Amino acid sequence: MRAVAVNAFGADPQLMELPQPEPGSGEVLVRLAAAGLNPVDWKLADGAFGDAVQAAFPLVLGTDGAGEVVAVGSGVRRFTVGDPVFGQFQRPDRGGGSYAEFAVAEEGAIALAARSVTYATSAAVPTAGMTAYNLVEETRIGEGRRVLIVGATGGVGTFATQLAAGRGAEVIATARPSKAELMRTLGAAETVDHTAGPVADQVLAAHPDGVDVLIDMTSDAAGFVELTRTVRDGGVAVSLIGSADADVLTEHNLRGFNFVNRPSPQLLEILAGHLDAGRLTVLVGLEVPLEGAPQALAASRTGRAQGKTVLAI
Ligand SMILES: NC(=O)c1ccc[n+]([C@@H]2O[C@H](COP(=O)([O-])OP(=O)(O)OC[C@H]3O[C@@H](n4cnc5c(N)ncnc54)[C@H](OP(=O)(O)O)[C@@H]3O)[C@@H](O)[C@H]2O)c1
């Protein structure tokens, strides 16, 4: 089968011809129609997770995907051949990965895909959508809460903006001027241009009493501390990239943490339900063929992704 993989951590991703994987006990083999790109894909290829991840090479890249079940291993109860599914396929110890014509998933890592959207749309949802859902749950975002989302125009941010606004929160989203209207369409009450000066100053100028929740996808440790100036006493501050320091947060009388995603099939089912109900808009900014994955990954590294990138397989 065709797949995009690396031969070692740090090596350039390449289109390769690799053996088709076989499903083991509790596993499902899927013929993928589309794979969704996330920053974690190139972070994994770089070996950014160190000893925490054991990988077999060639390592097929890609976590998210959608397609049709073509075989099931022993003990699989939830799926049969022909089911349309979406979910997470990255198994580093088994050689990967959703950037391929076929991939194996654990039964609990996938769910039936939404009926009303394409595979490309479904493939754009799993990691970013589950992250956003867990974020709004864990920070108890709801009616009347003011939330600042930094990195709001990206994959996670566009879902988090919609889910937070859908719960009645007042969302302040970072966005360049060209994206401001789009973010308001997704439910943001206001936008802040992160290219026009310090975000914290802009937010505090408009809201001297601050925000209840900060969700930050982009800042380093110093930038995160700077942004916590916007959070009112007793509020919550979350970093998605490990920039939160518990001691510093306690000093500022804030609750906060470094977010770690907790995927589940139930969450995938909830997201599929949202898609079918028209409650979640998926912004696929770029759709490229599988062989375009190396260039798409390079673009993602710049941090300037425009909506979700999907590989058509
Ligand atoms: N901890 C976890 O479990 C977890 C889970 C999911 C994702 N993540 C991480 O969260 C990050 C975001 O993921 P993603 O999928 O949403 O990425 P993405 O789709 O690549 O989005 C990046 C977005 O960030 C914006 N951005 C870049 N610099 C910014 C700044 N200084 N201020 C405000 N916005 C800025 C960009 O907008 P402009 O181009 O307009 O600047 C772009 O829209 C990644 O590092 C990812 O690995 C962590």
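Just so you know, these numbers use all the heavy atoms, side chains as well, and skip hydrogens, waters and symmetry mates. Both counts, for ligands and for their atoms, begin at 1 and track the order of listing. What you see is a predicted model; the values in this text were computed from it and never measured.
Below 3.5 Å of separation, one finds an N or O of V156 facing an N or O of ligand 1. Checked against a 3.5 angstrom limit, the closest N/O atoms of R304 and ligand 1 fall inside it. Between A152 and ligand 1, no N or O atom pair is found at a separation short of 3.5 Å. At a 3.5 angstrom cut-off on N or O pairs, G307 does not count as close to ligand 1.
Under 4.0 Å from ligand 1, heavy atoms of N261 appear from its side chain as well as its backbone. For T153, heavy-atom contacts with ligand 1 shorter than 4.0 Å involve the backbone as well as the side chain. Contact annotation: for H194 versus ligand 1, heavy atoms closer than 4.0 Å belong to the side chain alone.
Ligand-side atoms of ligand 1 in range of T131: 5 (C), 6 (C), range being under 4.0 angstrom from any heavy atom. Against a heavy-atom cut-off of under 4.0 Å, G151 is close to the following atoms of ligand 1: 24 (O), 33 (C), 34 (N). Interface of I241 with ligand 1, defined as ligand atoms under 4.0 Å from a residue heavy atom, comprises 45 (O). Remark: ligand 1 atoms within the under-4.0 Å shell around heavy atoms of T174 are 33 (C), 34 (N).
Taking OG1 from T191 and CD1 from I149, the interatomic distance works out to 12.5 Å, rounded to the nearest 0.5 Å. Once rounded to the nearest 0.5 Å, the distance linking CG of L32 with CD1 of I313 reads 5.0 Å. Atom CD of E27 sits about 13.0 Å away from atom CZ of F79, to the nearest 0.5 Å. Taking CZ of F224 as the reference point, atom OG1 of T218 lies at 10.5 Å (rounded to 0.5 Å). Expressed to the nearest 0.5 Å, how far CZ of R232 lies from NE2 of H207 amounts to 14.0 Å.
Side chain of T153 to backbone of A175: no donor-acceptor contact under 3.5 angstrom is found. Formation of a donor-acceptor pair under 3.5 Å by the R78 side chain with backbone atoms of A111 is not found in this model. A distance-only check finds a donor-acceptor pair linking the side chain of R145 to the backbone of T139 [under 3.5 Å]. Between the side chain of D276 and the main chain of A114, no donor-acceptor pair closer than 3.5 Å is present.
Between Y133 and F159, the ring center distance fails the sub-6.0 Å criterion.
If you check which protein heavy atom lies closest to atom 20 (O) of ligand 1, you get A305 CB, 3.5 Å. Atom 45 (O) of ligand 1 has as its closest protein heavy atom K43 NZ, 2.8 Å. Closest to atom 36 (C) of ligand 1 among all protein heavy atoms lies G303 O, 3.2 Å. What sits closest to atom 26 (N) of ligand 1 on the protein, heavy atoms only, is T218 CG2, 3.8 Å. Of the protein's non-hydrogen atoms, the one nearest atom 11 (C) of ligand 1 is M217 O, 3.7 Å. Nearest to atom 48 (C) of ligand 1 among the protein's heavy atoms is L240 O, 3.3 Å. Protein heavy atom closest to atom 15 (O) of ligand 1, with residue, atom name and distance, is P39 CD, 3.3 Å. Here the protein heavy atom with the shortest distance to atom 40 (O) of ligand 1 is R176 NE, 2.6 Å.
A donor-acceptor contact closer than 3.5 angstrom is absent between the side chains of T161 and T158.
Within 6.0 Å of CG on D12 lie no more than 12 heavy atoms contributed by other residues, nucleotides or ligands.
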